[in-house]
Amino acid sequence: EVQLVESGGGLVQPGGSLRLSCTASGFTFDDYAIGWFRQAPGKEREGLGCISHSDGSAFTADSVKGRVTISSDNAKNMVYLQMKSLKPEDTAVYYCAASRYSCLHITTNTVYYDDWGKGTQVTVSS
């Protein structure tokens with residue numbers, strides 16, 4: 001059974017940074033792309049980026065480029081989302097998701113992500 005668990009959320013002050021973790025289990029980690037998404041209250045889910053170990057591809061959405069870094073530790077089956085210069089509008093529930101396709105081809109198209117974590121809340125506020 002594919003399982004994805006996000007962690008690392010919480011309350012962060014504007015201008016601060018955070019690192020979210022996505023722990024994956026139940027599948028061959030190297031064969032999947034892992035994407036990061038977020039959803040703010042009343043808004044559609046937004047794709048932030050993805051990473052694939054199989055072909056070394058990675059993608060970061062223009063909306064967060066320069067503030068977001070996605071990395072992975074394949075030995076631990078973990079993917080990380082680092083975000084800096086946080087703003088109140090970054091407040092959202094952050095999700096990771098897994099896809100059998102390469103990040104290079106699907107980027108953050110949710111149609112291709114079959115398995116999702118339950119999310120972790122990030123609140124940016126002073």
Side-chain angles (χ1 to χ4, degrees):
E1 179 187 2
V2 174
Q3 284 195 325
L4 299 164
V5 180
E6 304 91 343
S7 59
L11 177 63
V12 185
Q13 290 195 338
S17 61
L18 60 73
R19 187 179 81 161
L20 303 179
S21 300
C22 174
T23 303
S25 62
F27 61 99
T28 304
F29 187 73
D30 290 356
D31 294 340
Y32 281 67
I34 302 295
W36 279 101
F37 302 81
R38 67 183 178 185
Q39 189 164 18
K43 294 189 176 181
E44 293 187 356
R45 189 163 294 187
E46 177 188 11
L48 303 176
C50 61
I51 190 166
S52 288
H53 177 66
S54 59
D55 59 11
S57 62
F59 167 80
T60 305
D62 287 342
S63 61
V64 293
K65 194 166 288 184
R67 296 198 300 128
V68 161
T69 301
I70 297 175
S71 61
S72 67
D73 184 337
N74 295 309
K76 296 181 179 180
N77 280 13
M78 294 183 73
V79 175
Y80 306 101
L81 175 77
Q82 289 188 279
M83 183 175 281
K84 63 182 181 180
S85 304
L86 286 162
K87 310 170 187 178
E89 48 265 43
D90 292 317
T91 295
V93 178
Y94 284 70
Y95 301 88
C96 62
S99 171
R100 297 171 184 266
Y101 299 92
S102 166
C103 168
L104 177 66
H105 300 125
I106 64 169
T107 63
T108 55
N109 188 332
T110 57
V111 168
Y112 297 104
Y113 288 87
D114 298 316
D115 300 285
W116 293 77
K118 294 182 179 180
T120 185
Q121 175 71 46
V122 172
T123 301
V124 183
S125 174
S126 55

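Note that the structure is predicted; figures quoted are calculated from it, not measured.
Between the CD atom of Q82 and the CG atom of L20 there is a distance of 9.5 Å, given to the nearest 0.5 Å. Distance check: T91 OG1 to L86 CG gives 8.5 Å after rounding to the nearest 0.5 Å. Atom OG1 in T110 sits 6.5 Å away from atom CZ in F37 (nearest 0.5 Å). Distance OH/Y101 to CD1/I106: 8.5 Å, rounded to 0.5 Å.
Not counting sequence neighbours, the partners of R67 by the salt bridge (charged side-chain N to carboxylate O under 4.0 Å, His left out) test are D90.
V124 and V68 fall within the same hydrophobic cluster, defined by Ile, Leu, Val, Met, Phe, Trp and Tyr side-chain heavy atoms under 4.5 Å apart, directly or through other members. Connection of L11 to L81 is not established within any shared hydrophobic cluster, with ILVMFWY side chains joined at heavy-atom distances below 4.5 Å, either directly or through further cluster members. Hydrophobic clustering (ILVMFWY, side-chain heavy atoms < 4.5 Å, transitive): V122 and Y95 are in distinct clusters. V5 and V79 fall into different hydrophobic clusters, defined by Ile, Leu, Val, Met, Phe, Trp and Tyr side-chain heavy atoms under 4.5 Å apart, directly or through other members.
The disulfide (SG to SG under 2.5 Å) contacts involving residues 10-45 comprise C22-C96, where partners must be two or more places apart or lie in separate chains. Within the structure, side-chain hydrogen bond (donor to acceptor under 3.5 Å, both in side chains) contacts touching residues 6-28 (residues at least two apart or in different chains) do not occur. Within the structure, every pair that satisfies the side-chain hydrogen bond (donor to acceptor under 3.5 Å, both in side chains) test and touches residues 111-126, not counting sequence neighbours, is listed here: Q121-T123.
Counting heavy-atom neighbours within 6.0 Å of E44 CD, excluding the residue itself, gives a total of 12 or less.
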Which atom pairs, donor and acceptor, lie under 3.5 Å between side-chain atoms of residues 46-63 and protein residues at least two apart or in another chain?
{"from": "E46", "atom 1": "OE1", "to": "R38", "atom 2": "NE", "distance (Å)": "2.8"}
{"from": "E46", "atom 1": "OE1", "to": "R38", "atom 2": "NH2", "distance (Å)": "3.2"}
{"from": "E46", "atom 1": "OE2", "to": "S63", "atom 2": "OG", "distance (Å)": "2.8"}
{"from": "S52", "atom 1": "OG", "to": "C103", "atom 2": "N", "distance (Å)": "2.7"}
{"from": "H53", "atom 1": "ND1", "to": "N74", "atom 2": "ND2", "distance (Å)": "2.6"}
{"from": "D55", "atom 1": "OD1", "to": "S57", "atom 2": "N", "distance (Å)": "3.0"}
{"from": "D55", "atom 1": "OD1", "to": "S57", "atom 2": "OG", "distance (Å)": "2.7"}
{"from": "D55", "atom 1": "OD2", "to": "S102", "atom 2": "OG", "distance (Å)": "2.4"}
{"from": "S57", "atom 1": "OG", "to": "S102", "atom 2": "OG", "distance (Å)": "3.4"}
{"from": "S57", "atom 1": "OG", "to": "L104", "atom 2": "N", "distance (Å)": "3.1"}
{"from": "D62", "atom 1": "OD1", "to": "K65", "atom 2": "NZ", "distance (Å)": "3.3"}

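Through direct or relayed side-chain contacts under 4.5 Å between Ile, Leu, Val, Met, Phe, Trp and Tyr, Y80 connects to M78.
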